[in-house]
Amino acid sequence: MIADVLKYVRYCIDNDIEYYDKNNVYVKYIISLVPNAGINKEHFDDALLRQATASIKNGLFSIKKEGNGLGECWITSCEEIRDRKKNSKVYSTILHFCKNCKFKLSNAYSKEKLIHINKNSILRFADTDFEQLENYT
């Protein structure tokens, strides 16, 4: 159902349609999972992103508002994540995540991850084009 909600939201964004309608079945579903998603659109978006990214196993993919809210695995080089955590208590967990990662860009560098996000998110509508990063090392 989360995938259907994401498809609905993406369709609305792509077609310049307001998706935050508390009477919509998809919005109601997220509110049933996270009651404060009914407060406003920002809370709904946060709840949807948390639910969608929390379901991804093996990795630091979770997106949320507080703390370091953007999941490292989406944009940070896999090698950099491992190096940064090398001397920490979570290193064995990180190695487990990497070994079992199903992300399309597993073991990729930040550049490839950013280009992928640029092509597959609403960033594709922005003036910024991450394709130019392919020319940088």
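Values reported hereafter were calculated over all heavy atoms of this structure, with side chains retained and with hydrogens, waters and symmetry mates removed.
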- [ ] State the OG-CZ distance between Ser77 and Arg84, to the nearest 0.5 angstrom.
- [x] 9.0 Å
Open item on the list: Looking at Tyr20 and Gly38, would you say the former's side chain and the latter's main chain have a donor-acceptor pair under 3.5 Å?
Closed with: yes
Open item on the list: More than 12 heavy atoms of other residues, nucleotides or ligands under 6.0 Å from NZ of Lys7: yes or no?
Closed with: no
Open item on the list: Measuring only between side-chain heavy atoms, which start at C-beta, is Asn107 closer than 4.5 Å to Arg82?
Closed with: yes
- [ ] State yes or no: do Ile81 and Leu95 share one hydrophobic cluster built from I, L, V, M, F, W and Y residues joined by side-chain heavy-atom distances below 4.5 Å, directly or via other members?
- [x] no
Open item on the list: Nearest 0.5 angstrom please: Leu105 CG to Cys78 SG, how far?
Closed with: 8.5 Å
TODO: Check Tyr11 against Ile17 and note the closest heavy-atom contact, atom names and distance.
DONE: CE2-CD1, 3.9 Å
TODO: Return the minimal non-hydrogen interatomic distance between Lys28 and Lys22, and the atom names on each side.
DONE: CG-O, 3.3 Å
Open item on the list: If you count heavy atoms of other groups shown closer than 6.0 angstrom to CG of Asn15, is the number above 12?
Closed with: yes
- [ ] Answer with yes or no whether the hydrophobic clustering places Ile13 together with Val25; edges join I, L, V, M, F, W, Y residues whose side-chain heavy atoms lie under 4.5 Å apart.
- [x] yes
Open item on the list: To the closest 0.5 Å, what do you measure between NE2 (His96) and SG (Cys98)?
Closed with: 10.5 Å
- [ ] Could you grab the distance from atom OG1 of Thr53 to atom CG of Leu48, nearest 0.5 Å is fine?
- [x] 9.0 Å
Open item on the list: Over 60° means perpendicular and under 30° means parallel, so tell me whether Tyr8 and Tyr19 are parallel, tilted or perpendicular.
Closed with: perpendicular
Open item on the list: Counting neighbours of OH on Tyr91 that are heavy atoms of other residues, nucleotides or ligands and sit closer than 6.0 Å, is the number greater than 12?
Closed with: yes
TODO: Identify the two heavy atoms, one from Asp21 and one from Val27, that lie closest to each other, and give their separation to 0.1 Å.
DONE: O-CB, 3.3 Å
- [ ] Answer whether the closest heavy-atom distance between the side chains of Val34 and Arg50 falls below 4.5 Å.
- [x] no
TODO: Look at the aromatic rings of His116 and Phe103 and report parallel, tilted or perpendicular, splitting at 30° and 60°.
DONE: perpendicular
Task: Glu72 vs Glu80 side-chain heavy atoms within contact, under 4.5 Å - done: no
Task: Rounded distance (nearest 0.5 Å) linking atom CG of Leu114 with atom OH of Tyr109 - done: 15.0 Å
Task: Minimum heavy-atom distance Ile75-Ser110, with the two atoms named - done: O-OG, 2.9 Å
Task: Note, Asp4 side chain near Tyr29 side chain (heavy atom, < 4.5 Å) - done: no
Open item on the list: Under a 3.5 Å cutoff, is there a donor and acceptor pairing between the side chains of His43 and Asp46?
Closed with: no
